[in-house]
Amino acid sequence: MDKMWSGRFSASASTLLDQFNASIMYDRKLYREDIEGSIAHATMLAQQGILTAKELKLIENGLLQVKSEIESGEFEWKISDEDLHMGIEKRLTAIIGDTGKKLHTARSRNDQVAVDFRRFVLRKNKEISKALISLMDEIIVVADKHTQTLLPGMTHLQHAQPINFAFHLGAYLSMFKRDIERFESSVKRNNISPLGCAALAGTPHNIDRDKTAELLGFDSVSINCLDTVSDRDFALEILFNISTMMMHISRLSEELVMWSSYEFGFIELSDEYSTGSSIMPQKKNPDVPELLRGKTGRVYGSLMGLLTVMKGLPLAYNKDTQEDKEGVFDAIETAEISLEILKEAIKTMEVKSHNMESACAVGHLSATDLADYLVEKCDVPFREAHFITGRAVAKGEEINVDLSKMEFKYLKEIDDRINEDVMEYLGLKHSMNARISAGGTATKRTLEQLEYFKNYLTSK
Ligand code: ARG
């Protein structure tokens with residue numbers, strides 16, 4: 001009968017219930033937020049005359065002692081305490097005596113956990129944004145060296161048009177910038193204090209919610225307590241933000257895996273970030289990007305899990321909500337280590353420019369340029385130009401020559417309107433640099449894009 005809520009019970013909880021009901025083994029991660037929240041709450045209670053200055057001092061010192069016990073590993077986390085809120089409060093009371101029992105005035109674990117978890121998630125949104133910034137920095141270091149390096153741009157995984165490698169990396173820079181913006185906008189939207197909502201309906205005590213909001217760094221207080229105590233949108237948002245970010249990471253990883261194969265040979269991951277096979281001595285496997293791709297699935301699972309936990313919950317707090325934490329913690333840890341290792345893998349990989357460029361020699365990458373030439377120089381309607389170019393490609397296939405290397409006489413045979421100046425158009429570098437429209441691959445445009453991302457990053 002040592003539970004804080006045992007008043008109305010006549011028998012003790014079974015140990016099976018303790019195991020089933022407890023969250024203390026994982027919610028202890030929130031100890032910093034919990035103690036800061038309690039200090040802010042007590043400070044406000046003292047300001048409102050609900051606690052004396054002396055009681056506040058006792059509580060504050062007691063909580064700081066609990067914090068240092070947790071940090072030194074002395075603190076005993078007990079399943080029977082159920083969750084960190086009760087574990088910490090119980091220890092506080094053991095240290096400072098009955099004054100500890102006043103801390104929970106005008107508060108419920110419902111608003112307490114909402115504060116703790118929300119502040120933890122907001123902090124993680126910011127930390128992940130920072131890690132994304134340093135990943136982008138690293139990608140830019142590579143991109144800077146490859147604004148002229150050709151590789152086949154693909155659609156349907158088929159050779160399409162020549163692009164440069166920096167432009168290719170720029171696509172990922174765009175994705176990661178959107179990811180940062182998503183994390184930031186979640187912080188803006190959710191930086192609202194639940195503290196003072198108490199169990200569900202507010203409290204008759206003369207509290208000052210603005211004060212605790214200010215002390216805890218929130219922008220404002222929530223509008224409706226019934227909503228607030230069971231609002232987990234902030235948790236769903238970070239899961240969605242991480243899922244989208246991981247989807248981007250997974251797409252890049254897929255390319256790193258393909259590029260590491262003999263068939264592509266575009267990059268070689270460093271030994272530090274590659275693994276071997278237990279049976280095939282020659283193997284060097286890209287486990288890092290493969291795992292990144294795989295972990296993306298697990299993160300999606302957490303998003304689906306929490307959406308499903310929340311669906312159909314009646315107002316307001318229900319214990320189902322306790323299932324909100326583990327998936328979020330797991331997704332955050334996954335995001336953190338993924339960003340770090342991806343950054344290192346990119347930093348240490350070797351870019352095999354020569355292989356990228358030789359891959360451009362097949363697949364008639366400059367076919368669109370021939371069609372564009374016919375439109376521009378010979379006034380041929382694009383549809384017809386497309387057909388004529390198709391004939392030229394068929395000829396190339398027949399004589400086993402890429403369009404970029406085809407002799408002028410064959411082209412002239414196909415259409416008499418074609419003149420010698422076409423040869424310049426069919427060159428691969430020319431083709432890449434011809435795509436000069438805004439956002440295009442031309443080196444000039446690519447450099448502008450890199451400049452844009454650099455400015456963005458320095459503004460951070
Ligand atoms: N451990 C609980 C959770 O994480 C804290 C809130 C419990 N509130 C309650 N009324 N049982 O959701």
Side-chain angles (χ1 to χ4, degrees), residues 1-9 12-38 40-41 63 66 70 75-92 101 103-124 190 193-203 212 216 222 225-236 238-239 302 305-332:
M1 296 295 285
D2 62 347
K3 299 271 191 261
M4 286 186 176
W5 40 253
S6 66
R8 59 103 66 219
F9 292 83
S12 298
S14 78
T15 43
L16 183 60
L17 173 91
D18 278 351
Q19 273 175 29
F20 185 66
N21 198 33
S23 54
I24 197 162
M25 287 336 217
Y26 51 86
D27 67 16
R28 52 198 262 193
K29 245 189 159 57
L30 303 174
Y31 81 89
R32 246 169 73 181
E33 283 77 14
D34 194 70
I35 288 172
E36 286 166 4
S38 288
H41 181 64
L63 284 168
V66 176
I70 294 173
F75 190 91
E76 210 191 321
W77 298 100
K78 285 194 250 138
I79 286 260
S80 56
D81 285 340
E82 195 175 316
D83 56 29
L84 93 154
H85 319 294
M86 292 200 286
I88 289 176
E89 193 187 317
K90 203 160 149 204
R91 178 70 192 129
L92 171 72
K101 296 181 179 169
L103 173 62
H104 214 50
T105 313
R107 188 175 73 168
S108 154
R109 276 184 296 153
N110 296 352
D111 58 344
Q112 190 177 355
V113 73
V115 172
D116 296 358
F117 194 31
R118 186 179 287 252
R119 287 186 69 235
F120 177 86
V121 163
L122 294 177
R123 172 158 69 85
K124 290 297 177 180
N190 294 301
S193 175
L195 199 52
C197 280
L200 72 162
T203 169
T212 44
L216 293 171
S222 67
C225 293
L226 196 60
D227 165 46
T228 309
V229 288
S230 62
D231 168 19
R232 293 295 181 271
D233 293 2
F234 62 92
L236 289 165
I238 199 167
L239 287 173
S302 296
L306 185 55
L307 279 168
T308 312
V309 165
M310 294 307 294
K311 116 180 225 307
L313 288 190
L315 290 171
Y317 178 85
N318 298 271
K319 192 70 177 226
D320 316 44
T321 317
Q322 181 168 284
E323 292 293 317
D324 58 0
K325 292 174 201 62
E326 286 166 291
V328 170
F329 292 155
D330 182 71
I332 289 171

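Indexing begins at 1, ligand by ligand and atom by atom, following the structure's order.
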Heavy-atom closest contact (Asp27 atom, Leu84 atom, distance): OD1-N, 3.1 Å
Among protein heavy atoms, which sits nearest to atom 1 (N) of ligand 1, and what does the distance come to when rounded to 0.1 Å? Gln322 OE1, 2.8 Å
Grab the two heavy atoms, one from Arg232 and one from Thr228, that are nearest each other, plus how far apart they are. NH1-O, 4.4 Å
Is a salt bridge present between Glu82 and Arg109, judged by a nitrogen-to-oxygen distance below 4.0 Å? yes
Atom 11 (N) of ligand 1: the protein heavy-atom neighbour that sits closest, reported with distance to 0.1 Å: Arg109 NH2, 3.4 Å
Classify the contact between Glu82 and ligand 1 as side chain, backbone, both or neither, using a heavy-atom distance cut-off of under 4.0 Å. neither
List the closest protein heavy-atom neighbour of atom 9 (C) of ligand 1: residue, atom name, distance to the nearest 0.1 Å. Asn110 OD1, 3.4 Å
Where's the contact between Tyr317 and ligand 1, heavy-atom distance under 4.0 Å: side chain, backbone, both or neither? side chain
Suppose we measure from atom 4 (O) of ligand 1 to each protein heavy atom; which comes out shortest, and what is that distance? Lys325 NZ, 2.5 Å
With heavy-atom distances below 4.0 Å as the criterion, list the atoms of ligand 1 near Ser23. 1 (N)
Pair Lys124 + Glu33, salt bridge at N-O below 4.0 Å: no
What atoms of ligand 1 come within less than 4.0 Å of a heavy atom belonging to Asp83? 1 (N), 2 (C), 5 (C)
Would you call Arg91 and Asp81 a salt bridge, using N to O less than 4.0 angstrom? no
Non-hydrogen atoms of Ser230 and Met310 that approach each other most closely: O-CE, 3.3 Å
Consider every N or O of Thr321 and every N or O of ligand 1, then say whether any pair is closer than 3.5 Å. no
Test: Asp18 and Lys3 ion pair at under 4.0 Å: yes
